Amino acid sequence: MPPFAYIEDLPTLVGQEVTLRGWLYNKRSSGKVRFLLLRDGTGLVQGVMVKNKIPDEDFAAFDRLTQESSLLIRGVVRAEPRAPGGYELDLSAVAPLHLAQDYPIAPKEHGIDFLLNHRHLWLRSPRQQAILRIRDEISHACREFFHQRRFVLVDTPIFTPTACEGTTTLFATDYFGDRKAYLTQSGQLYLEAAAMALGRVYCFGPTFRAEKSKTRRHLTEFWMLETEIAFAELPDILALAEALICHLVAQVLANRRAELDLLERPLAPLMAIQPPFPRLTYTEAIQRLTAAGHEVAWGDDLGAPEETFLSQSFDRPVMITHYPKECKAFYMKPDPADPRTVLCVDVLAPEGVGEIIGGSQREDDLTALLTRLQEHNLPQEPLEWYLDLRRYGSVPHSGFGLGLERLVAWICGLHHVREAIPFPRLMDRLNP
RNA sequence: UCCCCGGUAGCUCAGUCGGUAGAGCAGGUGGCUGUUAACCACUUUGUCGGCGGUUCGAGUCCGUCCCGGGGAGCCA
C-alpha cells in the first residue's frame with residue numbers, strides 16, 4: 001500500500017501514488033467518469049475515477065457514498081489547472097470506511113440557528129476550518145510573543161471566591177454545599193500577585209461573564225490574554241499592546257493567507273496595521289465626538305455608537321486613555337496630573353468590532369486603594385490578600401487584557417464573535 | 001431587563017383579499033466520458049412553534065406562552 005499522505009502535501013508528491021484518508025465533501029458523476037471531493041482536515045482535493053481503470057467494486061462503491069462518509073482513496077497525484085487547488089488524484093482504489101446517513105448540513109445556505117444547533121458538524125465546513133486555523137495561529141503567536149520577551153506564563157484559577165471587580169455579574173457554582181465558587185471573569189488580580197513574584201507575567205485562558213448581552217460582540221465564555229508587568233507605567237503597556245497587535249496581524253498575514261482568502265477577507269486593512277497607533281485621551285475623544293454631533297458630555301462612558309465612530313475615524317486600532325475614574329474599575333490608578341481621570345487604555349479595533357484591549361496602570365498605594373474600594377462599595381475583607389501586594393514591597397505596575405474572539409473576528413472579518421470560538425456559549429445557547 | 005424582527009417539508013424560503021399546502025435544494029430512481037453548490041427526466045416528504053379565541057371556514061385575523069435572530073445597556 002502506498003504511504004498515507006495529507007492533502008496539504010500533495011504539491012510535493014506529483015507523479016507519486018498516495019493513499020488519502022478523509023471524508024466525502026461532495027461528488028459528481030458524468031456516467032463513466034466520476035468525481036469525488038475528499039477533505040482530510042488539511043485541504044480539499046478532487047479524485048477522478050474512470051470506469052475500467054479502477055476495480056468494478058470500487059467504481060460501484062461511488063454510488064453508495066454519501067456526503068461526509070469516511071473513506072480511503074488511492075491514486076496518482078497530478079497537477080491539474082482546472083482544479084481549484086491545482087491538483088487532482090487519478091484514482092486506482094476507493095474504499096468506504098463508514099457510510100454517513102442523512103448528513104444534515106448541505107453545501108448550501110443555512111440559517112444561523114440551524115448551524116449553531118449543529119455546531120459539532122458545522123466545524124467541518126471549509127469556512128469554519130479556516131477560522132479555527134487562524135484562531136490557532138493567533139493563540140500560538142500570543143504565546144510566542146510573550147515567551148520571546150521572557151514573560152512567564154502563569155495560569156490563574158477558574159474558580160474564584162469573590163468578584164474581582166464587583167460590578168459584572170458572575171456565574172455562581174455550588175462548592176461542596178455551603179459555599180459558592182464563582183467562575184473567573186479575569187485573572188488580573190492573581191496576575192498582579194504573580195508579577196510581584198516573577199516580574200513579567202501573562203495568562204491565557206477562558207473567562208466567564210453572566211451578562212445578559214445579546215450582541216455580535218458578546219459571549220458568556222470567552223478567552224482572554226492578560227499580562228501584568230512590575231515597574232511598568234501606562235506608556236509602557238501602550239507600546240506593548242501596540243507591538244502585540246502588530247505581531248499577531250503580521251503572523252496571520254504571513255502564515256494564514258490561504259485561510260484569509262477563503263474567508264474573502266480584504267488584506268489591505270490588515271496590512272495597514274503598523275505602528276504607531278493613534279492615541280487619544282478620553283477628553284480629546286469627547287471633543288471629537290461632540291464636534292461630529294454626538295450628544296455626549298464629559299463624564300459619560302462611551303457607548304457602542306461612539307466607539308464605532310471613533311474606530312472608523314482611523315485605519316488602525318485607536319488607543320483611548322485617561323477615562324473618568326467613575327467609568328472604570330477600582331484598581332486603576334488616578335492620573336496625578338488630573339485626578340478626575342485614571343491611567344487606563346481601551347484599544348478599539350477598526351471595522352466596528354469594538355474594544356479588543358482594556359488595560360491600566362494599577363493603584364499601588366494602600367491608602368488610595370482602600371479609598372477606591374470604599375468609593376466602589378466593595379468589601380475589604382475578601383481582598384485582603386490583594387491588599388497585601390501593597391503592604392509588602394509595592395511597586396508601580398500595569399497590565400492589560402485582550403479578548404481573543406473579538407481579535408479573531410476582526411482579523412477574519414467576521415460579523416459576529418460566535419464564529420470565532422469552536423463551541424460558542426451565548427446567553428440563550430449552551431448546546432452542543 | 002428593554003426595543004425591533006421572525007417561527008410553513010430534512011434545509012432555504014414563497015404563500016395575494018380568510019377558501020382547504022407550494023418552489024428550489026437535500027433524499028430516492030434513471031441518464032450522461034471533465035464535472036466544479038454539475039446537469040437532464042421522474043419522484044417521496046407537512047402537528048404551518050404551542051394553547052386559546054373570532055369565523056360557515058384560519059398558515060393568514062386577535063390574545064397568550066415558548067423558541068430564535070438583531071440591537072441597547074454592560075463589557076473583552
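Here is the naming used below: chain letters follow the sequence lines, and residue numbers restart at 1 for every chain. Just so you know, these numbers come straight off a predicted model, no measurement behind them. Just so it is clear, the values below take in all heavy atoms, side chains as well, and ignore hydrogens, waters and symmetry mates.
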Quiz item: [X] side-chain donor-acceptor pair to [N] base, under 3.5 Å:
X       : N       : result
T215(A) : rG73(B) : no
S30(A)  : rC39(B) : no
S213(A) : rC75(B) : no
H218(A) : rC75(B) : yes
E88(A)  : rG34(B) : yes
R406(A) : rC75(B) : yes

Any side-chain donor paired with an acceptor under 3.5 Å for [X] and [Y]?
X       : Y       : answer
Q46(A)  : R28(A)  : yes
Q361(A) : H397(A) : no
E144(A) : H247(A) : yes
T207(A) : W223(A) : no
Q101(A) : T66(A)  : no
Q188(A) : E226(A) : no

Identity of whatever pairs with [N] - Watson-Crick or G-U, under 3.5 angstrom:
N       : result
rU1(B)  : rA72(B)
rU45(B) : none
rU20(B) : none
rC61(B) : rG53(B)
rG10(B) : rC25(B)

Would one find a side-chain N or O of [X] under 4.0 angstrom from OP1 or OP2 of [N]?
X       : N       : result
R429(A) : rG69(B) : yes
R418(A) : rG70(B) : yes
R217(A) : rA72(B) : yes
H415(A) : rG70(B) : no
R216(A) : rG71(B) : yes
K212(A) : rU1(B)  : yes

Could you check whether [X] gets within reach of a base, just the sugar-phosphate, or nothing at all, counting any heavy atom under 4.0 Å?
X       : value
K214(A) : base
H118(A) : nothing
G303(A) : sugar-phosphate
A83(A)  : nothing
Q46(A)  : base
D428(A) : sugar-phosphate
R127(A) : nothing
L402(A) : nothing

(message) Under the ring pair (Phe, Tyr, Trp, His ring centres under 6.0 Å) test against Y190(A), which residue among F159(A), W385(A), Y386(A) passes?
(response) W385(A)
(request) Nearest whole angstrom, please: distance from the P of rC66(B) to the CG of D113(A). (result)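 Taking atom P of rC66(B) as the reference, CG of D113(A) is at 17 Å.
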(request) Tell me whether F222(A) is stacked on the nucleobase of rA76(B), counting only the six-membered base ring and applying the 5.5 Å and 30° thresholds. (result) yes
(request) Pick the P atom in rC42(B) and in rC51(B), then give their distance to the nearest Å. (result) 38 Å
(message) I'd like the P distance from rG71(B) over to rC48(B), given in whole Å.
(response) 32 Å
(message) Quick check: on RNA chain B, is the nucleotide nearest T220(A) upstream (toward 5') of the one nearest A304(A), or the reverse? Name the residue that is more 5'.
(response) A304(A)
(request) Among rC75(B), rU12(B), rU35(B), find the nucleotide with the atom closest to the side chain of H110(A). (result)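 In terms of side-chain proximity for H110(A), the closest of rC75(B), rU12(B), rU35(B) is rU12(B).
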